[in-house]
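Since the structure is predicted, the reported quantities are computational estimates derived from the model, not experimental observations. Hydrogens, waters and symmetry mates are skipped; everything else that's a heavy atom, side chains included, is used.
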Amino acid sequence: MSLIDFILHIDDHLITIVNQFGGWSYLILFAIIFIETGLVVFPFLPGDSLIFAASAMAANPKYGLNIWLVYLIVAFAAIIGDSINYEIGAWSTRAGEKHSWFNKLINQNNRLAAEKFFERHGPITIVIGRFIPFIRTFVPFISGGSKMHYGKFITYNILGGLLWTGLFTIIGFFFGNIPFVKDHFSMIVIAIILVSVVPIAIVAIKKKISLKKEFHLIHSLSSRQ
């Protein structure tokens, strides 16, 4: 089973997990969300789609999942995960030169995108970044690396964690079992990912336009001299 197959068909795989592990499935949900948000080297794990699928299953009595317990589990995992990621970021800044191998494990393009997003929007990025795949894994890491005060970080962390998990829990619970959604779940997952990365694309386009303007301005000034 490939990772792409697991992400695109997370609903089918989650059904298998619940049927095999029963109540232990909550622990598996916690582990996946915690690893995606807490370990900066695993930004590719499913987050949005997993919460969506688990909430949709909770709306169906035959699976035996409690929607409130699903929400509490994934929200707690997201908040704790970001806190751990913050500490990893702070550690990487303090001991980066001694452990250069660690930085080689990190996708530098995703890290740079998160840094630019953070620079543009400030601390609120901790909340906004929750809704953007890959970015949400790097934002707490960057927050720790930039020595943001933990009191400020944890406030945005809790707010973002509750909003992100709450939104996809509600959407999954009320819309996940609609026949059209169930029959086209893979397309829904792709749509969620595409919509989520729109803010990154907008920032990248604006940055490119800004750089072009600066280049033309410099070129114009040099031509006059």
Side-chain angles (χ1 to χ4, degrees), residues 3-4 6-7 10 26-51 54 70-169 192-193 196-197 199-200 203-204:
L3 179 63
I4 294 177
F6 180 76
I7 294 173
I10 187 67
Y26 292 112
L27 183 59
I28 296 174
L29 288 175
F30 177 92
I32 295 176
I33 297 299
F34 172 80
I35 292 172
E36 188 220 6
T37 59
L39 303 182
V40 71
V41 294
F42 291 102
F44 45 79
L45 291 178
D48 307 327
S49 56
L50 179 66
I51 299 172
V70 167
Y71 174 56
L72 290 175
I73 289 291
V74 296
F76 187 63
I79 293 169
I80 295 298
D82 262 28
S83 295
I84 296 297
N85 209 341
Y86 172 94
E87 295 297 338
I88 294 174
W91 168 83
S92 71
T93 299
R94 294 193 305 267
E97 294 182 359
K98 296 180 181 178
H99 303 280
S100 58
W101 58 269
F102 179 77
N103 289 323
K104 294 179 180 179
L105 299 175
I106 300 173
N107 186 303
Q108 297 303 320
N109 289 330
N110 290 330
R111 180 176 185 170
L112 182 60
E115 287 177 349
K116 289 182 177 179
F117 203 81
F118 193 90
E119 290 172 2
R120 184 175 182 83
H121 299 284
I124 195 64
T125 301
I126 299 169
V127 177
I128 300 172
R130 284 287 194 181
F131 299 87
I132 309 174
F134 294 97
I135 292 293
R136 68 169 155 263
T137 305
F138 286 91
V139 165
F141 178 83
I142 293 167
S143 299
S146 65
K147 300 179 181 180
M148 174 186 285
H149 189 275
Y150 185 74
K152 178 183 288 187
F153 169 79
I154 193 62
T155 300
Y156 286 101
N157 176 19
I158 293 174
L159 178 61
L162 294 177
L163 289 176
W164 173 55
T165 56
L167 176 64
F168 283 96
T169 298
I192 290 173
I193 294 173
S196 298
V197 299
I200 302 177
V203 171

Check your understanding: When rounded to the nearest 0.5 angstrom, what is the spacing between CG in Leu50 and CD1 in Ile28?
Key -> 10.0 Å
Practice item. Compare every heavy atom of Thr165 with every heavy atom of Ala75, then report the nearest pair and how far apart it is. Key: CB-OG1, 3.4 Å
**Study point:** Tyr156: partners by ring pair (Phe, Tyr, Trp, His ring centres under 6.0 Å), with sequence neighbours left out
**Key:** none
Review point. Heavy-atom count around Phe30 CZ within 6.0 Å, excluding the residue itself: above 12?
Key: yes
**Study point:** Val127 vs Ile124, side chain to side chain contact (heavy atoms under 4.5 Å, CB included): CA-CA, chis, key distance, verdict
**Key:** CA-CA 5 Å; Val127 177; Ile124 195 64; 4.1 Å; yes
Check your understanding: Of all heavy-atom pairs between Asn157 and Ile79, which one has the smallest distance, and what is that distance?
Key -> ND2-O, 3.0 Å
Review point. Taking atom OG of Ser143 and atom CZ of Phe138, what is their separation to the nearest 0.5 Å?
Key: 13.0 Å
**Study point:** Pairs flagged by salt bridge (charged side-chain N to carboxylate O under 4.0 Å, His left out) wherever residues 124-134 is involved - sequence neighbours left out
**Key:** Asp82-Arg130
Review point. Do the rings of Trp164 and Phe168 sit parallel, tilted or perpendicular, given the 30° and 60° boundaries?
Key: perpendicular
Study note, to complete from the structure: The reported gap from OH in Tyr150 to OG in Ser83 (rounded to nearest 0.5 angstrom) is 3.5 Å
Revision key, fill the gap. Here the pair of heavy atoms bringing Gly38 nearest to Ile88 is O-CD1, 3.5 Å
Exercise for review: Return the minimal non-hydrogen interatomic distance between Arg136 and Gly129, and the atom names on each side.
Suggested key: CB-O, 2.8 Å
Point to revise | Closest heavy-atom pair and its distance - Ala54, Val70 | key: CB-CG1, 4.1 Å
Review point. Roughly how far apart are Leu167 CG and Asp48 CG, rounded to 0.5 Å?
Key: 9.0 Å
Check your understanding: Once you round to the nearest 0.5 Å, how far does OH of Tyr86 lie from CD1 of Ile154?
Key -> 9.5 Å
Review point. Are the side chain of Asn85 and the backbone of Thr137 linked by a donor-acceptor contact shorter than 3.5 Å?
Key: yes
Review point. Would a distance-only check, ignoring hydrogens and angles, find a side-chain to backbone donor-acceptor pair under 3.5 Å from Tyr71 to Leu162?
Key: yes
Revision key, fill the gap. One should read off an interatomic distance between Ile51 CD1 and Ile73 CD1, to the nearest 0.5 angstrom, of 12.0 Å
Study note, to complete from the structure: Nearest heavy-atom approach of Ala78 to Ile33 is N-CG2, 3.8 Å
Practice item. Just do the side chain to side chain contact (heavy atoms under 4.5 Å, CB included) check on Met148 and Ile126 with the steps written out, would you? Key: CA-CA 11 Å; Met148 174 186 285; Ile126 299 169; 3.7 Å; yes
Review point. What salt bridge (charged side-chain N to carboxylate O under 4.0 Å, His left out) pairs are there with at least one residue in residues 154-167, not counting sequence neighbours?
Key: none
